[in-house]
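Report on the following structure.
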Amino acid sequence: MAQRRLDEFSISVTKTQEPKAEAPPFTESLEKERKQQGFPPAVLENLPPSYFVSATYDGKAGKVLIKLYEPVSGRIYFWYDNTGHKPYCYTNLSPYDLEKIDRLMKHPGFDHFEIEEKFDPLLEKSVKVTKIVAKDPLAIGGRPKGCIRDIIPEDFTKVATIPLSAESIKVWESKIKYYQSYIYDHGLLPGMVYEVKNGDLVPKRLEEAEKMIQKIVGTFKEADAEELQYIEQWAMLLEYPAPKFRYVALDIEVYSPIPTRMPDPREAAYPIVCVSLYGSDMQKRVLLLKREGVREGSERLPADVQIEYFDSEERLIRAVFEVLWNYPFVVTFNGDDFDLRYLAHRAENHGFKRDEIPIEIGKRVCLLKYGVHIDLYKFFFNRSIQIYAFNNRYRDVTLGDVGRALVGLDKIMLEKGIGELTYTELAKYCLRDAEITYKLTSFEDELVLKLILALSRISSMPMEDVSRQGVSRWIRNFMHREHRRKNMLIPNAEDILALKGKTTTKAIIKGKKYKGAIVVEPVPGVHFYVAVMDFPSLYPSIIKVWNLGYQSILCGHTECQTNLVPDTPHWVCRKKRALESLLIGSLRDLRVQWYKPKSKDKALPPEVRSWYNIIQGALKVILNASYGVFGAETFDLYCPPVAEATAAIGRHAITQIIKRAEELGIQVLYGDTDSVFLKNPSKEQIRELEEWTERELKMGLDVDKVYRYAVFSSRKKNYLGVLEDGSVDVKGLTGKKRHIPIFIKNAFDKMKERLATVKSPADFEAAKKDIIQTIRECYMRLKRREWDSLNELAFNVVLGEEPERYTKTTPQHVKAARILKESGMELKAGDLISFVKVVNDPHVKPVELATKNEIDVDKYVAYLHSTFDQVLDALGLDFDEIIGLTKLERFM
DNA sequence: GCGGACTGCTTACCT
DNA sequence: ACAGGTAAGCAGTCCGCG
């Protein structure tokens with residue numbers, strides 16, 4: 001019932017009668033109109049419910065600027081700070097001392113001092129600090145020299161009346177982006193709904209969402225008051241509805257005299273010959289530059305595509321800019337480094353005035369003066385997004401691969417260079433790229449934008465930042481937000497490290513900082529009925545249950561020193577909850593107890609399920625990284641003993657489970673980090689194990705899945721399991737690695753399909769025969785050189801670095817890359833190298849350059865051998881025997 | 001000069 | 001710029017070998 005009301009309500013607030021603010025075709029009158037209206041868009045005294053989508057510091061105005069997206073009109077409105085908030089940092093020097101620092105007092109950006117009482121989480125007590133308030137953010141930090149944050153420790157040691165070490169002079173919070181600091185101080189929530197009333201920015205309260213939040217909070221019966229507070233806070237961020245977005249996908253094509261070379265966007269030396277725009281209002285436009293000697297082309301484009309020819313490039317660019325002044329969201333694939341950068345520089349080359357260019361060029365990003373630019377390349381490149389949000393469905397971060405994997409749409413292959421295409425060929429090619437970019441944004445009900453919105457809410461970051469930065473920044477920012485909310489000083493990384501930096505365990509891998517998880521030696525063979533039990537989000541659970549955080553680990557109380565982390569000398573505070581423990585713990589609880597199950601609940605309307613699915617995905621990404629960040633030097637709250645303690649407790653937990661399972665008479669076949677694979681356990685045994693874990697470890701242990709049967713070799717992280725429904729899990733086997741030749745992969749997949757049909761031990765005999773057949777066939781085809789194309793034999797390996805930067809060794813793919821480079825190919829880190837193994841000297845060759853006869857067939861047979869060995873061992877088969885038989889046959 | 005044992009580098013994977 | 005653990009293949013080194 002409540003669910004339904006939520007839905008109705010979201011309609012009345014955000015349902016945008018399909019925003020109809022159409023992208024107007026280029027007209028000079030429209031541009032005039034815009035100028036008359038004035039830019040930025042009129043700051044209204046009153047604005048209907050709108051989404052906080054972006055924030056920045058406007059240097060000209062000297063104020064924070066917040067961009068609000070109003071979904072009914074589909075427009076962006078600007079709101080400028082009217083509270084007089086100013087940038088600042090803290091120090092432990094008194095104003096009296098600070099006044100002695102000449103360079104500070106005379107600094108043009110210095111404003112005034114204030115004295116504040118803050119809680120110092122490392123000293124575990126309240127302290128008086130001086131707030132140094134500045135006129136502009138760059139005065140605090142950001143300029144290479146002469147910033148307030150550097151001046152203080154540099155100069156005070158000289159003027160101090162008593163000798164002081166530089167380390168004892170502290171400056172805090174000087175590296176926080178000003179608009180973030182503003183967001184935290186005003187308790188603003190990016191991604192949420194606001195109104196402007198009499199010029200003030202005020203949160204919009206949505207009754208139905210609020211009711212839902214209370215309902216959710218009510219289901220957490222075991223949480224204490226402090227935990228409930230956090231659960232409620234998160235639930236608010238996650239329950240408020242998302243808008244329908246109005247956006248346009250943009251892609252440009254540039255003429256290049258050398259077809260294989262990408263034109264440099266910083267020089268923008270060549271003309272932009274085509275721009276495609278694909279809008280959420282279903283506008284599809286292709287803007288083409290008229291050039292001499294280019295033919296029309298015979299193909300036709302779909303009727304709903306609007307083709308526009310331009311005599312001058314300048315007018316074409318103006319038409320594109322009109323669109324960039326119009327849409328609230330502009331989506332590109334690599335627009336930061338190419339499309340927008342090129343457009344902006346090309347416009348400069350044409351003599352456009354600065355305020356005619358709607359693009360703000362940064363070092364690594366390109367933002368829009370009006371709307372929000374989302375660069376999907378940056379977003380999909382994010383490893384956490386790739387793995388956890390999209391389950392590794394795409395492997396290369398290219399428009400073609402991501403498009404193929406997520407929306408079933410590939411790039412158009414070109415046989416010629418851009419300069420040699422006819423107008424229609426060029427239009428088609430360019431439009432397809434914009435179409436893929438558009439569909440990557442629109443698919444599954446605008447999943448990508450909604451995911452970014454959800455992450456923006458969780459992390460308190462503008463959508464642009466959240467889509468470009470990594471998970472450690474998201475986590476850092478919500479932790480910073482909570483420090484400010486609780487009036488805690490945000491500690492400096494070096495202070496945390498100096499006080500709590502030591503690790504004590506020894507990593508198995510050379511060069512790592514501490515010991516990680518346990519992997520159980522598998523029991524080789526085929527096992528029927530295998531139940532996999534695991535701890536749902538083990539590490540976040542540990543952080544919650546054990547109260548882990550930089551404050552609580554190795555705390556100052558002697559009474560807590562007996563609360564030891566197993567396998568380490570570290571102790572954990574018993575008196576006060578750590579922020580991280582509360583934040584991560586409450587997020588975990590919400591995902592496990594509410595969003596994950598509800599996203600699959602058929603009783604809920606599909607829109608709610610789909611939103612919940614996005615939320616649980618966003619939470620998954622964050623939770624999966626929430627332990628790792630403590631062990632990452634680049635994380636602002638880096639605290640190695642917290643990471644070490646988490647892993648140690650994890651080892652303890654799985655060890656206890658294994659011990660208990662064996663005591664219950666269950667055979668443990670395998671286990672990794674947070675899971676145990678149990679051979680044919682009874683219902684009672686499972687229940688006992690669950691109950692024991694809950695009671696003794698205070699953590700949940702669930703049956704994650706049940707394999708009809710599983711195949712283990714003696715290798716860890718290598719197995720194959722067939723589920724009840726016949727689907728097959730393949731983990732770590734060479735046959736699924738992406739670098740292996742398709743030729744071998746196909747044979748492996750054939751075996752996999754055959755294994756999926758095996759239901760009982762008796763079925764195995766027939767399956768084995770078929771598998772033998774498959775292998776023999778593959779072997780014979782190799783020996784007889786019967787493959788369709790050399791591509792089938794190509795290994796595909798990613799170049800981790802520029803080819804020249806391999807100095808220690810020269811791996812095969814680098815050899816191939818260097819050969820390619822000699823033949824004029826441009827190669828950089830991240831490129832995929834396809835090569836085959838050949839008989840003659842360097843023993844590798846890029847596929848493009850190789851011929852059939854030089855293939856080293858024996859190398860491929862050896863590879864086939866090792867790929868299949870991982871499974872054959874367990875099935876009691878022997879590769880050599882399989883091959884040997886065929887040799888015998890040939891003999892007879 | 002060559003092969004085997006060994007270490008280290010690199011990539012791709014697992015949780 | 002989340003962590004550590006594992007597999008595999010190859011490059012490079014060292015050592016013994018009349």
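Scope of the values below: all heavy atoms of this structure, side chains included, with no hydrogens, waters or symmetry mates. Labels below follow one simple rule: chain letters A, B, ... track the order of the sequence lines, proteins then strands, and each chain is numbered from 1.
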Would you confirm whether [X], through its side chain, and [Y], through its main-chain N or O, come within 3.5 Å as a donor-acceptor pair?
X	Y	result
A:Ser456	A:Ile452	no
A:Ser581	A:Lys544	yes
A:Ser537	A:Pro540	no

When you match A:Pro842 and A:Lys515 each to their closest nucleotide on DNA chain C, which lands nearer the 5' end? A:Lys515

Earlier contact from the 5' end, DNA chain C, for A:Thr634 and A:Glu521: A:Thr634

Using a heavy-atom cut-off of under 4.0 Å over every strand shown, decide if [X] touches base, sugar-phosphate, or nothing.
X	answer
A:Ile508	sugar-phosphate
A:Ser866	sugar-phosphate
A:Arg476	nothing
A:Glu633	nothing
A:Asn718	sugar-phosphate
A:Val730	sugar-phosphate
A:Arg738	sugar-phosphate
A:Lys506	nothing
A:Val798	sugar-phosphate
A:Tyr539	nothing
A:Lys737	base
A:Ala632	sugar-phosphate
A:Tyr514	sugar-phosphate
A:Tyr719	sugar-phosphate

Against the six-membered ring of A:Phe795, is A:Lys837 placed for a cation-pi contact (under 6.0 Å from the centre, within 45° of the normal)? yes

Could you check if a side-chain atom of A:Tyr179 sits within less than 4.5 angstrom of a side-chain atom of A:Pro462, using non-hydrogen atoms only? yes

Under 4.0 Å from a heavy atom of chain A: give me the 5'-most and 3'-most nucleotides of DNA chain B that qualify. B:dG8 to B:dT15

Donor-acceptor contacts, no H, no angles, side chain residues 800-808 of chain A, under 3.5 Å, sequence neighbours left out:
residue, atom, partner, partner atom, Å
A:Glu804, OE2, A:Lys821, NZ, 3.0
A:Tyr806, OH, A:Gly800, N, 2.9
A:Tyr806, OH, A:Glu801, N, 3.1

Taking for A:Leu832 and for A:Thr809 the nucleotide of DNA chain B with the nearest heavy atom, the one nearer the 5' end belongs to A:Thr809

For the pair A:Thr568 and A:Glu644, evaluate side chain to side chain donor-acceptor pair (under 3.5 Å) and give the outcome as yes or no after the intermediate values. CA-CA 9 Å; A:Thr568 73; A:Glu644 182 180 40; over 6 Å; no

Aromatic contact between A:Tyr719 and A:Phe677, with the criterion being ring centroids under 6.0 Å apart: yes or no? yes

Could you tell me the boundaries of the chain A footprint on DNA chain C, defined by atoms under 4.0 Å from its heavy atoms? C:dA1 to C:dG12

By the definition side chain to side chain donor-acceptor pair (under 3.5 Å), identify the one residue from A:Glu482, A:His480, A:Arg481 that meets it with A:Ser460. A:Arg481

Scan side-chain atoms only and decide if A:Lys378 and A:Gln469 contain a donor-acceptor pair under the 3.5 Å cut-off. no

